[in-house]
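As structure tokens, the structure follows; a few thoughts come after it.
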Amino acid sequence: MAQTEKRGGLLRKSSASKKPLKEKVVLMYDEIFMTEDPSKCSPRFWEELFLMKVNLEYLEGKLESLDGEELMKIKDNINCLFQHCIQALGEEHPIRVVNALQTLCALIRGVHQKNKSTSGFDIINMLMGFDKAELCMKNLMESLDSLLCAEGSESLKSLCLKLLLCLVTVTDNISQNTILEYVMINSIFEAILQILSHPPSRREHGYDAVVLLALLVNYRKYESVNPYIVKLSIVDDEATLNGMGLVIAQALSEYNRQYKDKEEEHQSGFFSALTNMVGSMFIADAHEKISVQTNEAILLALYEAVHLNRNFITVLAQSHPEMGLVTTPVSPAPTTPATPLGTTPPSSDVISSVELPLDADVQTSNLLITFLKYSSIVMQDTKDEHRLHSGKLCLIILTCIAEDQYANAFLHDDNMNFRVNLHRMPMRHRKKAADKNLPCRPLVCAVLDLMVEFIVTHMMKEFPMDLYVRCIQVVHKLLCYQKKCRVRLHYTWRELWSALINLLKFLMSNETVLLAKHNIFTLALMIVNLFNMFITYGDTFLPTPSSYDELYYEIIRMHQSFDNLYSMVLRLSTNAGQWKEAASKVTHALVNIRAIINHFNPKIESYAAVNHISQLSEEQCEYSHQVCQCEVVSWLSEFLKI
């Protein structure tokens, strides 16, 4: 009870004979919330206020308890408090500066919470007044910039970043936060870069700096010229870009570590023993329990860096022998307002660690590997809308990477081989792959593995059409690079072909349900076009001639699926319905595949009949293929006009 009263500003419980005793700072807050100027009776009021320890809870609670009319009555006092807070930031006494920063956080958050339904202009007027807003924000941003760039207290720098994060995140939609117009005019971009380029500052404040930059870049990015977008796009300082990459890698690595720890804990627990006894009928439920809060803020930062700055692409492939980005602060930071939603920094376990724990069989890692592992976890469960958006952002980032020429160069580099242990969704029909059996391969193989894994594991009623389209686009862009540069990648292409055919079968078997929500012909066309790329240009990027045999074997073995697809799209393209045009495109795209099936099937059936074989194996199909190889080559040359 006593603790509750202390939080409410009371130092002594009230009784019949004595009045409740309040903290002095609470009494001063009460004077501010009167209609009269508190400095009239006490000329040193503002000087004394910033020597008092801030009571954030009481100040915010007081603002929240007032209605609109009451708040307008004390507007002049709130404006005065805001202005004196800014003045206190220039003081040499650090206590005044700390208290001023915390008071500004409480004021900004309290006024916004009370005025959620009002316009941004009304909030600006309530905080500082229209006539003084430009000057106030100019002075505030200059003071924060000076504090961030100075070689002063790390606690003060931390508070400055917390204040800026508070300022940026007080509205649900950042583009509706009108006060950020002043942050655009009075840029702190250089101060953020200085933190990222300087190792000691980066260890202390790198996470907050990266998140802040990502948020500022997204302010009205499609509506007006955002100076932070322009400046980020032309950054070429290696130390700064590497610093940003290190911060992002550390945050993603921490998520991966937490997930792995929970997974191991879960597997060694009672539930694991139970499922071993009764089977894996509850395997989906077991997976749902393994959940770690995702980090969209740092994912957004990675997207903006990859999307806006081509120089950042080089950071993706740089090895990180030492990943300890955040160390224990020398001095504890003062109490600050709660961290904005979705910007949770790495835990204290990471803060105290000096080196990132890597897989036992992997000697080095890099940001791209860390991101691929993160994506393999996040993309497992897309039933939840929150994770669905995270998975979408991961695929958008991968699309940006797959579109970049330099990124493709190191993705396909045979001299850059890694063991990438992707997380795979538990499924009843397959066993978990042993980590130790993973081969060293170019990084593009891990990207393709991730795409195949997604294709195989998300054929469900709540079909994530948008994610599937983006997934197929990533594969298509990688194949385009391989075709263009004649890169013969040694990859198990059959897994991709099988996954694509199974996806087509799923689309056909759920035609009625899916067509009510999605245009499945767009996805079907993309899948058929991938097969057309392999058929027409496979000789430029498939590793061996036998790979062509495997491709033809898969097409002929699953010819019924392609026949069914053709029947479906032909039926819809001949009807004057909604999907006529979309289905017609798929019909035309199936020409190559149907020609192959119609050419080889009779020959294979003839071979089987002559040799009295009811069902041909893969080797027998290949042999029958070789028997008519000369005819096939001439036929392909004429038909495909290679």
Is the number of heavy atoms from other residues, nucleotides or ligands under 6.0 Å of [X] [atom1] greater than 12?
X	atom1	value
Glu385	CD	no
Lys585	NZ	no
Glu511	CD	yes
Phe506	CZ	yes

Handout entry: Donor on one side chain, acceptor on other, Thr587 and Ser584, under 3.5 Å
Key =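 No - no donor-acceptor pair under 3.5 Å links their side chains.
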Problem - Exercise: do Glu254 and Gln250 side chains pair donor with acceptor under 3.5 Å - result: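 Note: Glu254 and Gln250 side chains miss the donor-acceptor criterion.
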Given 3.5 Å as the limit, does a donor-acceptor pair link the side chain of [X] with the main chain of [Y], or not?
X	Y	answer
Asn510	Lys461	no
Thr314	Asn311	yes
Tyr552	Ser547	no
Thr382	Met379	no
Asn529	Asn532	no
Asn564	Gln560	yes
Asn592	Ala589	no
Asn502	Ser498	yes
Thr536	Met533	no

Would you mind reporting whether [Y] and [X] have side-chain heavy atoms less than 4.5 Å apart?
X	Y	result
Met244	Leu213	yes
Asn408	Val487	no
Val469	Met465	yes
Pro442	Asp414	yes
Phe371	Cys394	yes
Asn295	Leu252	no
Glu223	Ser175	yes
Val474	Leu450	no

Per the salt bridge (charged side-chain N to carboxylate O under 4.0 Å, His left out) rule, what does the pair list look like for [range], sequence neighbours excluded?
range	value
residues 297-313	Lys221-Glu304, Arg310-Asp404
residues 480-492	none
residues 467-480	Glu403-Lys477, Asp466-Arg470

Please report the closest heavy-atom contact between [X] and [Y], naming both atoms and the distance.
X	Y	result
Ala249	Thr370	O-CG2, 3.7 Å
Leu467	Leu395	O-CD1, 3.4 Å
Tyr228	Leu216	CE2-CD1, 3.7 Å
Asp384	Asp381	N-OD1, 4.2 Å
Leu500	Leu530	CD1-CD1, 3.9 Å
Tyr259	His423	CE2-ND1, 3.6 Å

Handout entry: Worked check of side-chain contact (heavy atoms from CB on, under 4.5 Å) between Ser561 and Ile501
Key = CA-CA 7 Å; Ser561 298; Ile501 293 172; 4.1 Å; yes
Please table the atom pairs, donor to acceptor, closer than 3.5 Å between any side-chain atom in residues 520-527 and protein atoms at least two apart or in another chain.
unit_1	atom_1	unit_2	atom_2	d
Thr522	OG1	Asn519	ND2	3.0

Practice task
Give the C-alpha distance, both sets of side-chain angles, the deciding distance and a yes or no for ring-ring contact (aromatic ring centres under 6.0 Å, His included) between Tyr566 and Phe562.
Solution key: CA-CA 6 Å; Tyr566 181 75; Phe562 292 107; over 10 Å; no
Starting at [atom1] of [X], measure out to [atom2] of [Y] and round the result to the nearest 0.5 Å.
X	Y	atom1	atom2	answer
Leu393	Thr294	CG	OG1	10.5 Å
Leu479	Leu448	CG	CG	7.0 Å
Asn598	Ile593	CG	CD1	11.5 Å
Arg220	Gln176	CZ	CD	8.5 Å
Cys485	Gln405	SG	CD	5.0 Å
Leu368	Ile401	CG	CD1	5.0 Å

Problem - Test ring-ring contact (aromatic ring centres under 6.0 Å, His included) applied to Tyr374 - qualifying residues, sequence neighbours left out - result: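 In terms of ring-ring contact (aromatic ring centres under 6.0 Å, His included), with neighbours along the sequence ignored, Tyr374 is linked to Tyr255.
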Exercise for the section: Over 60° means perpendicular and under 30° means parallel, so classify the ring planes of Trp497 and Trp493, tilted if in between. Expected result: parallel
Practice task
Check the pair Ile313 / Phe410 against side-chain contact (heavy atoms from CB on, under 4.5 Å), numbers first and verdict last.
Solution key: CA-CA 10 Å; Ile313 294 293; Phe410 71 71; 3.9 Å; yes
Handout entry: Pairs involving residues 440-462, ordered by first then second residue, that meet ring pair (Phe, Tyr, Trp, His ring centres under 6.0 Å) (sequence neighbours left out)
Key = Phe454-His458, Phe454-Tyr468
Exercise for the section: For the pair Glu554 and Arg494, find out whether any cationic side-chain nitrogen is under 4.0 Å from an anionic carboxylate oxygen. Expected result: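 Salt bridge between Glu554 and Arg494, a charged N being under 4.0 Å from a carboxylate O: yes.
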Fill in the blank from the handout: The single option from His386, Arg387, His389 that satisfies side chain to side chain donor-acceptor pair (under 3.5 Å) with Glu296 is His386
Practice task
Go through the steps for Val528 and Leu565 under the test side-chain contact (heavy atoms from CB on, under 4.5 Å), then give the verdict.
Solution key: CA-CA 10 Å; Val528 172; Leu565 176 63; 3.9 Å; yes
Practice task
Begin with the C-alpha distance, continue with both residues' side-chain angles, and end with the deciding distance and a verdict on side-chain contact (heavy atoms from CB on, under 4.5 Å) for Phe312 and Leu302.
Solution key: CA-CA 9 Å; Phe312 188 81; Leu302 176 59; 3.8 Å; yes
